Each structure stands twice: as structure tokens, then as C-alpha cells.
Amino acid sequence: MPTPEILASNDALSANTSSPSKPTLNGHPPNGTSDRSQIINDEKQFIPNLNDQIAAWGLRDAGFDYNLVAVFGSQSTGKSTLLNRLFGTNFDVMDESKRQQTTKGIWMCRGRDMNVLVMDVEGTDGRERGEDQDFERKSALFSLASSEVLIVNLWEHQVGLYQGANMGLLKTVFEVNLGLFGKKTQESASQRTLLLFVIRDHIGTTPLANLQATVTSDLQRIWDTLSKPAELQDRKLTDYFDLSFTALPHKILAAERFESDIRALRGRFTDKSRDDFVFKPAYHKRIPADGVAFYMEGIWEQVQTNKDLDLPTQQELLAQFRCDEISAGALAEFNEQAKSQKRPIEAGQVISGLGEMMRSWRSQALSRYDRDASRYHQAVYKRKRADLVGTLDSTLSPLFVGQLKNLHKAALVSFKAEIVAGLKVDGYNFADVVSKARASAEALFSDGAREIVVVEDDATWQWEEELRLLREEIRSVADQLRKDETKKMVNTIERKFKTQIAEPVEVQLGSPTPEIWDNVLRTFKETLARSEASYLTKARSFDCTEEENDEALTTLRHRAWAALRVKIDEQTADAAILTKLRTYFEERFRYDEQGVPRVWKPDDDIDGAFKKAKDVTLELISLYAKIEPQDPELAYTPPEDVVEGTEAPGLVVFSETKVLELGARFRREADAHYVEAKRSTVASIAQIPYWIYGALVVLGWNEAMMILFNPLYVALLLVLAGGAWIIVQLNLAGPLMHVGSSIAFEVKRQAESRLREHFAEPLRAQAHATAIEDEDDTREVRHRKPEAL
């Protein structure tokens, strides 16, 4: 068993001891080998002359009769030496006295006396590239994707290690290989790649089978932990790769056995009859030789543009960790500061000086981060700083938006309050009040919004849209207030109109004449014109539009007409119109032309006076039935539209049915007056027999004596006698008798009316007879054309 000192010297002894420029094959010069060519330089650029080099090697017309093999492993493990011994190539080998990188980039050479393209790949974990592992990952993926057989060169003591055996690199390469080239088509379903593990400096203590089991277990564990695409989750390692293992002894300490095993291993690449022949058809990429250059260039382009291979270096990892840690500390302090203002903002308060506080918090957090993180990897520092700025701004943004909303509400409240205060001033101009309130509210919002801007000219801190919304809402509120004030003004004008129209209409309808509707409509139009002029005068200060003025005037006209109709309907209600008819009738039947009450005598023409007064009074019903002036210029057309849910009333006051009903009721009352007049004439012609007076003297003698001899009765008698003498002297006997008679008659009439209504059933026959008579009279009235009063 070799000593630890011998094992420690393996780095120096594993390289080829022959000349770098003249490698040997089994101890002999490599006759028949071709010149090597670099296909990818150390600047990660693909060399475009590969197709010409393949032609120079005589393989352009080989079709599918060629194979492609690559080597993969840590730097200075003898990869180039192994390829030169196996395939007779002339790759540069390491100068053992300097112990430095030999192969830079990826080189290719044709194997000696075989149609094999051999790729020598720059070793991994080299000190020349340091922590820049980007080329290692890309070159390994390129080798795996383009070659049929990938020789993994590693020392025995690296088996079981994660980094030493390049397991971490293989995991990354496997993962990205699945994403880029893992989707198998029907043609490539059986295509796989052979991973040939060559375990160098095998001393035999650990059997090859155990080493094979360890490596296989590690690869299987890596495969199971890969982040596979969703459609490849059920794929196995063996679906893509075959594993093969071989061991080589120490090249210097066991030189003869090393040469013997090399020859045996070469036989696996050249002897197709062997069972362990490595170039099996299942591994061939099925790319013709004349398309290999184009195929490999395409693979390298995909590898170069894949971001999954851009893993961080140790410096970047450290910078990420520390920058995250510093950022978290700065963010924690920042969050504590911002938290104090979150609740008041959510409660709807406008925080004074919030913008200054937010800028201070943000500046402090960034200053702390810049102070502690700027000395780390600059790309990571800048990237993490951008992330921190985004986090800070996303935390401040709700405060900014909340403050804007609160300013919006405060400005709106201020606008409404200022308008309410302005409208309480006598003689206010509504447009001026609104204009001043709007300017004040917008200034309040704009000043507050500018103060909370954290970063100028940044889309995150724009507030113009909120100002636009505020202006729209202010405009909406102002329009609503103007409508409310306009309604109040219209209501005030309407009330004034009702007051102005009430008395003239009542007077005109109470004293009916043929020009009754002319006078009513004239008064209505004049009053309405004054109301409209009053509205237009006040509307100028409201800054109303033409449409709003038209709408308000329409409403005013509708309400004015409705108010007139209400007054007319009030004055022409059943009780009111019957009272007017009765009064009109009585003035013409019970009074003469000088207005003196009539005392009917038997020779008076009661029938003629009654008929004349009744006919003239009945004509009033037709006059009241429709608003129809005699002057055409005073004609008025009521509004036909509907305002505030109420249909405008028309010109008809009484329907035909109502006219007939009122006529019948009036005739019944007129008939009662006629009967009363007749009865008064009968009472005036009655005579008392003279013997009655004698009987009264005889029967009342005792009572007269009692009165004459009783001082109290005598005094009362003298008083009554004196009153009677005065009445006679003043000629008041007739009027007093007439008044008494009228009172007695009215009491009697009311009593009869009440009794008639109470005992209507027994009097149905009498009512039927009266109805027939009324119908005849009604028919006569309907066929008689109304005459002027």
C-alpha cells in the first residue's frame, strides 16, 4: 500500500512525462495523428473554422461513420495525457515543474488511425479562473450534449467527495441538460450518452465495484434531487445515460501495469467485436460529419444564452448574504419608523410633514445600506440596493396613497364647508362662492400632495391622477349644490307666486262675470312673467347653463299652472261652488235691482223672477266648467310634460257628469227658495175673526189684572211698551219682522233638510217624482244655448 507521502505526490506524477509537443502512443511517436484545433477559446467564443478542420482531417464525407468523445474532470488530473495515450492525439500536457493550467478552452483532434473526434476540455476547479465557474459549467454542458461518450477523469481519493468529484457541477449540468435537450422525440427515444468514469491512481485497496457503487449512488441521489420540468418528472437517470467504470494504476509507480491497462482500455474504443465496445449505435447523435460543426455551434449558442448556468461565485455568494443581512437590518429600522404613521393614515388623518418623514426614513435606510454594503461585490451590491429601494418604496407607497386619499377627503370637506359658509352671506353670488371654494380646496390638496412626494419624476409618486379625480368630484358636488340651490330658488318663487295669485283668483271666482277667465289668465300670465324674470335674474349668479335654465323655467311654469289649478279647484269645490251659485241666485231672486230685500205679495210675479234667476245661475255652471277666455290672446296651453312625477292638469274644471250633478243639486235648493216665497204670500193674506179678540179679553182678564196690580209686571210691561213705541217711531217694524221671518225660515229649512236626509227611505217615492221633474229641467238646460248674463 502506498504511503500518504506517495498519495500526496500524485498531482505531480499523474501527468505525462513525455514532451508536451510530441506525445507518445505506447512509448512510440504518434505517427498518423492530425493537428489539434481549438473550437472554443478561453473567451467563450466559438471558432468558425471547425468545418474546414474536419475536412482537413478527412472526415467531412464520413457521413455517420465517425464517433465523438470528450473528457471531463478537474484541472491537472492528466486528462490530456489520457487522451493522447488512448487515441494518439497531440494535446498539450502539463509541465510538471510548473504545475499550471495547460488546456484553455476546448480543443479537438482526430484520433490516430480511427474516425474519432476527440475533445479535450479545460479542467475544472483551476486556480487560473478562480471563482469564475461560468466556463466550467458551460463547457461541461457542451461536452455532455455534443459527445457520444464523456470520459469523466477522477482520482480514486476523490470518489465520495462532492466538490472533488465534481458532483455539484454534474448536478447543474444534468439539470440544465434536461431543460435544454431532455425532451425526447420518437427518433431520439433510445438515444443516450455513455459516462465512462476513469478512476486514476487506483491502488486496489478499495475494489472497483465498491467505487462504482459509491459513484452510482451519488449520481442517483443527484438525479433524484434535480429540479426537472413538469413533463420529465418520471424520467430516470438510465433514460439518458449509461454508466461505465474502469480503473488505471499510478502512471509512475506502476508504469508497466499502467501501460498495459491503457492498451486494454484503448481496445474498448477500437475493437467493435468486444462486448464492452463503447461506441454503440445508441450513443451516436445521428449528425452527419459535414454537419457536426454547425450542430456544435448551435449547441454552444444555446449553452451561452442559458441563464440557469449563471450561478454565483463565492464572492457573489458572500456579497448576497451580507447585502441581504445589511438590507434586512436597514429595513427593520425603516419598518419601525413607518409603522408609527400607518394607523393614523388608515384612520383617515392627514399627517403634517409626512413627506419629510418618509424622505428621511428612506434616506437613512439607503445610507446605512450604502455604508456597510458598498465594499462587497459591486454587481450584487447594486442589484440588492435596487431591491431595497423597491421594498422601501413599496412600503412607503401605501402611506403616500393613503395620505393622498385623506387629502382628497379633507379638500372635499373643506370645499363643502366653505360653500355652506358662503351661502349664508346675504346677497351671495353662487358662482363666486363655488370658484373661491374650488381654488382653496385644490390648493389644499396640491400643497399636501407635493409635500409627500419622495422621489421627483418617478412614476411611483405621481399624484396628478388623484387631483383629476378630486376636480371631477368637486365639479359633481358643485353641480349638485347648484341644482339644490336652484330648486330652493324655484320653491321660493313658487311660494311667492302662490301668494300673489291667491287673492286675485279668489276675488275673480267669487264674483263671476263673462270675463272671469280672461281676468284670471291675465293675472296668471303677468304673475308668471314676473316670477320668470326673478328666476333669470338670480340664475345669473348661479352660473347655470342654458339647459339648466330651460329645465328650471319648465318646472316653474308647470308648478305655477298647478298652483293656479289648485286654487281654482279649491274655489270650485262642491260646497264652494254651490255656495256661490246659491248666493248668486239669492241676489237675483230675493233682492231687487237696488239690492233691497223683497217682501213677496200675492200679486207679485214670483214665477217669472224665479225662472229668470234660476236660468242665469245655471249658466254659471257652464262658465265655471272650463277655463276658456273670451279674448283669444289670453288663451293658455297647459304644459303637457310631467314634472316631478305629477301630470300637469288641463283646462277642464268640471266634467259633463259633474255639470249635470251640480245643476240638479242647485235646482233642489232653488226650489226650496221658491216654495218659501210662495208660503210667505199665503201668510200675508190670512185674517183673524173678530170674536177671537173678545174671547181673549174674557179669558185673559184675570191675568191682566194680576199684571196691572203687580209692580214687577207693570215695570216690565212699561219697558216693552216703550220699546214698541220706539220701533214704531223709527219705522223698524217691517225690517224686524222680515229678519225674524228669514231666521225662522232658515231654521225650518235646515231642519227639513236634516229630517229628509234622515228619513230618506220613506220619502223615496217623492224623490223619484222630483228626479223625473229634474231630468226634464236638465234636458231643457242642455238643449238651451247659454246666454250672456
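Remember, it's a predicted structure, so these values are computed and weren't measured experimentally. We count residues from 1, following the sequence as given.
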Pair Gln304-Lys138, side-chain donor/acceptor within less than 3.5 Å: yes

field: Neighbour count >12 (heavy atoms, 6.0 Å) for atom CD, Glu256
entry: no

query: Under the 3.5 angstrom rule, does the side chain of Asp370 hit a backbone N or O of Ala373 as a donor-acceptor pair?
result: no

message: Any side-chain to backbone donor/acceptor pair from Gln38 onto Ile47? Under 3.5 Å, distance only.
response: no

- request: Using atom types as modelled and distance alone, determine if a side-chain donor or acceptor of Glu466 lies under 3.5 Å from a backbone N or O of Trp463.
  value: no

- prompt: Looking at Phe46, Phe142, Tyr295, which one forms a ring-ring contact (aromatic ring centres under 6.0 Å, His included) with Trp300?
  reply: Phe142

- prompt: Any idea which heavy atoms bring Leu211 and Glu156 closest together, and the distance?
  reply: CD1-CG, 3.9 Å

query: side-chain contact (heavy atoms from CB on, under 4.5 Å) between Arg60 and Asn51: does it pass, once the steps are laid out?
result: CA-CA 8 Å; Arg60 175 181 289 179; Asn51 199 39; 3.7 Å; yes

- prompt: Checking Arg257 side chain against Leu248 main chain: does a donor-acceptor pair fall under 3.5 Å?
  reply: no

message: Would His284 and Phe279 count as a ring pair (Phe, Tyr, Trp, His ring centres under 6.0 Å) here? Give the steps.
response: CA-CA 8 Å; His284 204 285; Phe279 293 127; 9.1 Å; no

field: Contact check, side chains of Phe241 and Leu219, non-hydrogen atoms, under 4.5 Å
entry: no

- request: Quick one: pull up CH2 in Trp461 and CZ in Phe400 and give me the separation to the nearest 0.5 Å.
  value: 7.0 Å

message: Looking at Leu196, is its backbone amide N or carbonyl O close enough to the side chain of Ser244 to form a donor-acceptor pair, meaning the two atoms are under 3.5 Å apart?
response: no

query: Under the side-chain contact (heavy atoms from CB on, under 4.5 Å) criterion, do Arg359 and Val455 qualify, and how do the steps go?
result: CA-CA 8 Å; Arg359 289 188 290 272; Val455 180; over 6 Å; no

message: Please find the pair of heavy atoms, one from Asp35 and one from Asn90, that lie closest to each other, and give the distance.
response: CA-ND2, 4.1 Å

- prompt: So do the side chains of Leu195 and Phe72 get within less than 4.5 Å of each other, counting heavy atoms only?
  reply: no

Tyr66/Trp57 under side-chain contact (heavy atoms from CB on, under 4.5 Å): CA gap, chis, key distance, verdict: CA-CA 12 Å; Tyr66 75 95; Trp57 290 332; over 6 Å; no

field: Chi angles and distances behind the salt bridge (Lys or Arg N to Asp or Glu O under 4.0 Å) call for Asp393, Arg362
entry: CA-CA 8 Å; Asp393 290 349; Arg362 187 176 186 272; 2.8 Å; yes

task: Working to the nearest 0.5 Å, report the span between CG of Leu117 and OG1 of Thr89.
output: 12.0 Å

message: Parallel, tilted or perpendicular, judged at 30° and 60°: which one describes the rings of Tyr369 and Tyr381?
response: parallel

field: Identified side chain to side chain contact (heavy atoms under 4.5 Å, CB included) counterpart of Trp361 within the set Thr395, Val454, Leu399
entry: Leu399

- request: Evaluate side-chain contact (heavy atoms from CB on, under 4.5 Å) for Arg110 paired with Gln53, printing each intermediate quantity in order.
  value: CA-CA 10 Å; Arg110 178 184 176 182; Gln53 186 62 53; over 6 Å; no

task: Please confirm whether the backbone N or O of Arg266 pairs with a side-chain atom of Thr270, one donor and one acceptor, at under 3.5 Å?
output: yes

message: Could you check whether Arg36 makes a cation-pi contact with Trp107, meaning its NZ or CZ is under 6.0 Å from the centre of the six-membered ring and within 45° of the ring axis?
response: yes

Pairwise side-chain contact, Phe197 with Leu243, heavy-atom cut-off 4.5 Å (strictly under): yes

- prompt: Which distance, rounded to the nearest 0.5 Å, do you find between the NZ of Lys236 and the CG of Asp224?
  reply: 11.0 Å

Spacing of NZ belonging to Lys44 relative to CD1 belonging to Ile106, to within rounding of 0.5 Å: 12.0 Å

statement: Smallest heavy-atom separation, Ala293 atom then Leu50 atom, equals CA-CD2, 3.8 Å

field: Donor-acceptor pair, side chain of Ser217 and main chain of Ala213, under 3.5 angstrom
entry: no

- prompt: Is there side-chain contact between Arg268 and Thr246, with heavy atoms separated by less than 4.5 Å?
  reply: yes

- request: Considering non-hydrogen atoms only, spot the tightest contact between Thr81 and Lys251 and give its length.
  value: CG2-CD, 4.3 Å

task: Would you mind checking if Glu259 and Arg85 are paired as a salt bridge, meaning a charged N to carboxylate O distance below 4.0 Å?
output: yes

query: Are the side chains of Val116 and Phe269 in touch, meaning some heavy atoms are under 4.5 Å apart?
result: no

- request: Without swapping roles, check the side chain of Asn115 against the backbone of Asp65 for a donor-acceptor pair under 3.5 Å.
  value: yes

message: Less than 4.5 Å apart, side chain to side chain, heavy atoms only: is that true for Asp290 and Ile54?
response: no

- prompt: Rounded to the nearest 0.5 Å, how far apart are CZ of Arg368 and OG of Ser327?
  reply: 10.0 Å

field: Least distance between heavy atoms, Phe91 atom then Val118 atom
entry: CZ-O, 3.5 Å

- prompt: Would you say Leu82 and Arg200 make side-chain contact, with heavy atoms under 4.5 Å?
  reply: yes

Separation of Asn67 CG from Lys285 NZ (nearest 0.5 Å): 12.0 Å

- request: Flag the pair Val69 / Ser147 as yes when at least one side-chain heavy-atom distance between them is below 4.5 Å, and no otherwise.
  value: no

- prompt: Which atom pair, heavy atoms only, marks the closest approach of Ser143 to Leu150?
  reply: CB-CD1, 4.0 Å

task: Using the side chain to side chain contact (heavy atoms under 4.5 Å, CB included) rule, pick out the option among Val121, Val198, Leu83 that qualifies with Asn153.
output: Val198

Salt-bridge criterion met for Asp324 and Lys384 (N-O under 4.0 Å): yes

